[in-house]
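Take a look at the structure below.
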Amino acid sequence: MNNNVVFQTKNLSKSYGSTIAINDVSLKVETGEIFGILGPNGSGKTTTLSIATGIVDADSGEFNWFNSYPDHNSRKKIGSLIEVPHFYPYLSLVQNLKIISQIKELEYNDIDRVLKLVKLYDRRHSKFRTLSLGMKQRLGISAAMLGDPEVMVLDEPTNGLDPEGIVEVRDLIISQARRGKTILMASHILSEVEKVCSHVAILKEGKLLEQGSVGSIIKGKSTLEVASEDLNVLHEALKSCKFIANLKQEPDSFILELNDDSSATELNAYLFDKSIILSKIIHHKKSLESQFLKLVKES
Amino acid sequence: MKKLFRIEFSKTINFGPVKILIPLHILFFFLGFFAIPRIKIDFPFLSVLPLYQFPHVWNFITWIGGIYNLTLVLLIIMLTCMEFSNKTYKHQAIFGLSRKELFIQKVMLAASFSFYVVILTFITVMISGLIYSYKITPTIIFDRSWILLASFLQNFIWLMLGVLFALIFKNVILAVLSFGFYRVMFEPIIRSLVEKENSWYFPTKFVSKLTPEPDILNIVKDKLQEADQVSPAELESIGETLFPDIPIIQNITLSLIFLSLILIFTYYIFQKRRLN
């Protein structure tokens with residue numbers, strides 16, 4: 001038994017009628033990871049998190065929190081935000097958070113801290129129904145942080161937030177992770193996941209395509225995009241260049257992959273020796289987005 | 001348990017319809033009972049006053065109160081359906097409440113409403129009885145006070161039935177209409193198809209009879225005969241047209257069986273129903 005494992009699923013499957021939501025999904029999340037579940041809409045992200053937080057029962061397979069059988073008490077140790085936050089509309093923010101504190105058997109003295117963290121302290125006596133969508137989302141995040149839980153489960157945490165709010169939430173998540181907290185989050189915004197997560201799992205139509213550290217998922221050669229005034233001359237030079245592993249012509253440029261032991265500087269020097277001056281040289285680093293799209297397309 | 005009660009209390013006490021309907025319930029409860037005796041009824045031989053005197057006042061107020069208390073059934077249906085429409089059952093489960101605890105919360109709410117009715121009834125009975133009774137001794141005052149327990153059981157059953165309908169339909173209008181349809185249409189129609197002596201085995205009948213109507217015939221009998229309006233034979237024939245009473249023990253037993261079934265079904269639905 002690995003004591004570092006916070007959350008684990010084994011062959012988890014769930015269907016809604018004839019629709020398969022997730023199929024044979026096995027995940028492992030370890031302490032301190034920011035684990036992103038990535039996938040297009042309908043890929044099974046929310047279903048996976050709903051099973052993890054006990055609001056949906058799996059058809060088959062199993063999962064555990066902290067290496068033990070999950071029950072409602074294990075959920076008290078987890079801060080969760082699944083889909084849109086649901087609070088009592090006629091209660092104030094403080095009253096709503098008091099209810100959560102009572103459920104989680106916490107003192108009320110953490111309420112002010114979390115409201116300040118999400119910048120809702122000044123609205124603490126407002127009714128929930130008077131908040132904007134972004135404010136509701138921030139209240140959901142504050143509820144998840146109540147009691148400073150070791151693990152947070154966040155489903156689309158930046159939903160409905162303005163750009164400033166997105167940056168704030170992203171910073172909040174990163175700061176929680178720096179304090180050693182484990183975060184399991186689902187998102188379909190690839191740039192968000194890439195900026196925040198240390199590990200990812202990619203789902204498509206309920207199937208797990210790949211999981212691992214972000215670094216290992218986006219492994220592989222990066223590409224260069226080059227162009228010059230005379231594309232024909234450039235093409236001839238590139239074809240005979242020994243640094244190039246792969247070459248593809250675009251309408252007004254060339255996309256190429258270099259050999260492992262070669263660099264863009266060497267390529268530039270080689271072309272300069274042939275009296276070719278590059279008008280464009282762009283280094284395309286491989287992104288999670290490109291890898292995600294490739295995996296989704298291949299599947 | 002204390003935690004669950006506190007959570008349910010804070011949700012309930014701040015709920016808009018509760019803030020409106022509970023004060024109205026109290027107001028009309030008191031007004032209803034204290035206004036009627038002041039209405040002059042022009043029958044020399046018939047007065048409603050004995051109904052407000054000990055010990056008949058216990059029967060009368062719990063009997064009439066049964067109608068007022070349907071307001072509480074409406075409230076508990078609204079409170080239960082509200083949890084589904086706001087998706088707050090899901091919310092509470094995510095943060096660590098078990099489905100069993102969600103069930104216990106609503107049982108506690110129904111029990112609290114029933115207890116509130118007991119308190120309200122007790123106060124009304126005492127005020128009314130002390131004002132209108134000519135003869136007051138502890139034996140006369142508390143002779144039929146046991147009926148408060150029967151009233152508690154009756155209200156608890158109707159409130160839990162309201163919760164069950166709310167869980168089934170998840171919609172206030174559908175749940176209220178179904179509850180009303182069951183009590184006013186469905187069961188009476190079925191009951192009319194069976195023999196009169198077997199009609200006691202229908203829930204609306206045996207639960208309603210937990211707080212039986214006052215024995216008006218006997219209360220007014222002396223006055224009627226004094227006034228020489230009706231002969232004893234005529235009174236007997238009127239009595240035969242009314243439903244016969246069943247022993248209270250049998251009534252309570254049937255009610256407890258019915259309550260157990262409601263609780264089992266409600267618990268089962270809480271376990272199986274999707275919370276989102």
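Predicted, not measured: the structure shown is a model, and the values here were computed from it. Basis for what follows: all heavy atoms, side chains included, without hydrogens, waters or symmetry-related copies.
Crowding of A:Glu168 atom CD: a count of heavy atoms from other residues, nucleotides or ligands under 6.0 Å exceeding 12. The neighbour count for A:Lys10 NZ, taken as heavy atoms of other residues, nucleotides or ligands under 6.0 Å away, does not exceed 12. Annotation for B:Lys100: atom NZ does not count as buried by contact number, only 12 or fewer foreign heavy atoms lying within 6.0 Å. Counting non-hydrogen atoms of other residues, nucleotides and ligands closer than 6.0 Å to OH of B:Tyr182 gives a total above 12. Counting heavy atoms of neighbouring residues, nucleotides and ligands inside a 6.0 Å radius, atom CD1 of B:Ile173 does not exceed 12 of them. Surrounding CG of B:Leu70 are more than 12 heavy atoms belonging to other residues, nucleotides or ligands, all under 6.0 Å away.
In this structure, CD1 on B:Ile13 lies 11.5 Å from CG on A:Leu91, to the nearest 0.5 angstrom. For the atom pair B:His91 NE2 and A:Asn96 CG, the distance stands at 6.0 Å (nearest 0.5 Å). Rounded to the nearest 0.5 angstrom, B:Lys272 NZ and A:Asp57 CG are separated by 8.0 Å.
A:Ile99 touches chain B through backbone and side chain together, each having a heavy atom under 4.5 Å away. Looking at B:Lys11, both its backbone and its side chain come within 4.5 Å of chain A, counting heavy atoms on both sides.
Using a 4.5 Å heavy-atom cutoff, the side chains of A:Tyr90 and B:Met82 are in contact. Two residues are said to be in side-chain contact when any heavy atoms from C-beta on lie closer than 4.5 Å; A:His86 and B:Tyr89 fail this criterion. Using a 4.5 Å heavy-atom threshold, the side chains of B:Asn86 and A:Pro89 count as touching.
Contacts between residues 101-134 of chain A and chain B, defined by a heavy-atom separation under 4.5 Å, are made by A:Gln102, A:Ile103, A:Lys104, A:Glu105, A:Tyr108. Among residues 72-82 of chain A, the residues having any heavy atom closer than 4.5 Å to a heavy atom of chain B are, in sequence order, A:His72, A:Arg75, A:Lys76, A:Ser80, A:Ile82. Residues from residues 102-125 of chain B never place a non-hydrogen atom less than 4.5 Å from a non-hydrogen atom of chain A.
Between chain B and the options A:Ala52, A:Pro149, A:Ala143, A:Gly140, heavy-atom pairs under 4.5 Å are most frequent for A:Ala143.
The salt bridge (charged side-chain N to carboxylate O under 4.0 Å, His left out) test applied to A:Lys181 returns A:Asp148, A:Glu150, not counting sequence neighbours.
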